[in-house]
Amino acid sequence: MGDKLRFAGPPLAVLFLLLLIWQGAVWLFELESWKLPGPVEIVREAWTIGPRLMEHTWATAQLAIIGFAAGAATGMLVAALLHLIPGARAALYPLLVLSQNIPTIVLYPLLMIWLGLGLLPKLVLIILVCFFPIAVAMLSGLSQRDPRLADYLAMIGAGKWRIFRDLELPGAVPYLFSGLKIAAAYSITGVIVAEWLGASRGIGYFIKLSYSGFLVTRVFAGVAIIVLLSLIVFGIIVAIERWFTRWQPRKEGK
Amino acid sequence: MHPALEVRGVTKSFGSGKKTLQVLGGMEVTVREGEFVSLIGPSGSGKTTLFQLIGGLEKPDSGEIRIGGRAVTGERGHIAYMPQQAALMPWRTITDNIVLALSIAGVPAEEARRQSMEWLPRIGLAGYESSYPHTLSGGMQQRVSFLRALLAPRDLMCLDEPFGALDALTRLQMQQWLLSIWEANRRSVLMVTHSIEEALLLSDRILVISASPATVIREVEVPFARPRSSDLWTDPQFNRWKQELYELLSSNSVLSVEDERSS
């Protein structure tokens, strides 16, 4: 526990300092809240509209978690298939990279045209933004197997599948998690984009609504929630990662 | 009774055209049931290639390999193997590493777990059952690696310079340790080594092989009775054999002092 506090201490102190400067500047220059509200006012505003904000937050969180889970599953499956099917990686990897060059903001209206206004296009969008970092990270993990371990397993009679299951897959786990962390952040941004462009609830919708009413304080409250959500998801993934990589000698500053 | 291993006229080349390099030139190796045989020769003399052929990772250009009387040329999964580096999966505990190796050899997980629990204390690793490999010293890891090979229900154990990566003192202790374990269990073993002392201390027979293309140039029946004592090296006969093997190897310019030290 002491260790965790030491790691969390400095960034928290810096964050607190920044918030202080922000609040101080708002007071000092008497900035009006429709231009730049201070942290205190943002929290106060969020508190007064609390129940409604929670509903939107829950909608966003739900979508992000389902989308992230589906995206993670897709990413892992794609990585495993590209790794296991001979030639698939060489043939399809460039296409995967290409697919990431389509901006989500362009993609989503198309998805709505094809898939309607419901949950499906949102899920597809989140899967599309999530699976790529996961697939790339896991693919590089799968190809980093230790040749000495692979030779040993082959010598004692392990086949290709066995080597995949007991060497390549567990060896790819640390790589997989670096992909999962990036994808988690992407999934929340993806949800916000989807909600902004076509939804009737969620933080993205709430921010868009607040903008059209010039309620800048609420916009900031929405942003704060997005940041909080991302942090929570990130924390959960780090905790799961620690459990999965408990065999590794702990490195400093990780 | 069939011999544990028969390698008959095995040749192997790599590359093609002008770059063809013949690595093995008609190798003849026999390991009888319950016999400890060492292969000794220079670095790059194709010992690794021979192991890969026996393990079924490569196919010989000609010749035949039999294990326990069965023709297994090019087939995997007939040997137990101990490499130079322990090759333990870092994410598996010591017990789970043994279970993995045994389950590849067809032992049910429960049985493998029971055996490893029974054996770990016997090799001085009581209390390390659920430790991860990186918490063990190099010598301890090699003991796990050897145990894994010993427990696998296979006709032949192949040891590839099993102590080559250890420091001199640990190496000495490990040789004694292996000697006592092996003499109590008498499995059929083919070991590759660079060390003449190691070969003399442990083996029933030593095969001296030449530089590439490798062939067996001399076969030595090691005359020391078993069980062998740990101060065998003080025996004048031991030193005579050591001298003779050393001269044999140097006269074929197959082994230099450097070779004996490096791997």
Side-chain angles (χ1 to χ4, degrees), chain A residues 3 76 79-80 83-84 86 137-181 237-254, chain B residues 48 50-58 67 72 75-94 96-107 109 130-136 141 144-145 148-149 151-160 162 165 190:
Chain A
D3 267 6
M76 290 187 246
H83 178 74
L84 286 173
M138 187 160 155
L139 257 181
S140 74
L142 286 173
S143 57
Q144 299 286 318
R145 67 178 198 189
D146 183 336
R148 285 175 306 145
L149 295 179
D151 274 353
Y152 166 73
L153 288 177
M155 278 296 274
I156 64 169
K160 188 181 176 180
W161 171 247
R162 192 88 204 205
I163 288 176
F164 175 72
R165 204 189 75 184
D166 286 312
L167 173 62
E168 292 169 338
L169 204 54
V173 165
Y175 293 81
L176 171 66
F177 272 99
S178 63
L180 286 176
K181 284 182 221 167
I237 293 173
V238 168
I240 299 173
E241 179 187 24
R242 276 177 176 264
W243 189 82
F244 265 106
T245 57
R246 62 194 182 285
W247 52 272
Q248 279 182 329
R250 286 268 165 253
K251 281 168 233 148
E252 284 295 309
K254 234 196 125 179
Chain B
T48 306
L50 179 65
F51 267 12
Q52 285 182 332
L53 292 173
I54 295 171
L57 269 57
E58 298 273 353
I67 292 175
V72 295
E75 278 179 31
R76 292 191 190 185
H78 296 284
I79 59 163
Y81 178 58
M82 176 182 182
Q84 185 177 7
Q85 309 271 338
L88 299 165
M89 311 293 134
W91 48 80
R92 281 176 175 261
T93 62
I94 298 308
D96 287 345
N97 263 290
I98 296 171
V99 169
L100 173 66
L102 294 194
S103 76
I104 290 172
V107 179
S130 350
S131 300
Y132 289 101
H134 71 86
T135 62
L136 272 64
Q141 292 189 15
V144 176
S145 180
R148 194 165 60 159
L151 295 181
R154 298 263 163 93
D155 289 329
L156 178 71
M157 287 174 75
C158 290
L159 316 183
D160 189 358
L190 180 64

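Every heavy atom of this structure was used, including side-chain atoms; hydrogens, water molecules and symmetry mates were not. Every chain is numbered from 1 and lettered A, B, ... according to where its sequence line falls, protein lines coming before strand lines. Being a predicted model, the structure only gives us computed values, none of them experimental.
For a residue to count as touching a neighbouring chain, one of its non-hydrogen atoms must lie under 4.5 Å from one of that chain's; by this rule B:L88 touches chain A with the backbone only. Both the backbone and the side chain of B:A101 come within less than 4.5 Å of a heavy atom in chain A.
Heavy-atom neighbours of A:F244 CZ from other residues, nucleotides or ligands within 6.0 Å: at or below the threshold of 12.
Under the rule for a side-chain contact (heavy atoms from CB on, under 4.5 Å), A:P147 has no partner lying at least two apart in sequence or in another chain. Legend: residues meeting ring-ring contact (aromatic ring centres under 6.0 Å, His included) with B:F51, ordered by chain and number and at least two apart, are absent. Applying the side-chain contact (heavy atoms from CB on, under 4.5 Å) rule to B:L151 yields the partners B:I98, B:L102, B:Q115, B:W119, B:L147; only residues at least two apart in sequence or on another chain are considered.
Rounding to the nearest 0.5 Å gives a distance of 4.0 Å between CE of A:M155 and CD1 of B:I79.
A pairwise comparison of heavy atoms in A:L149 and B:P90 identifies CD1-CD, 4.0 Å as the closest pair.
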Distance-only donor-acceptor screen, chain A against chain B, under 3.5 angstrom:
from: A:R148; atom 1: NH1; to: B:Q85; atom 2: OE1; distance (Å): 3.2
from: A:Y152; atom 1: OH; to: B:R148; atom 2: NE; distance (Å): 3.0
from: A:I156; atom 1: O; to: B:R154; atom 2: NH1; distance (Å): 3.0
from: A:A158; atom 1: O; to: B:R76; atom 2: NH1; distance (Å): 3.4
from: A:R162; atom 1: NH2; to: B:S103; atom 2: OG; distance (Å): 2.8
from: A:D166; atom 1: OD1; to: B:R92; atom 2: NH2; distance (Å): 2.9
from: A:W247; atom 1: O; to: B:H134; atom 2: NE2; distance (Å): 3.1

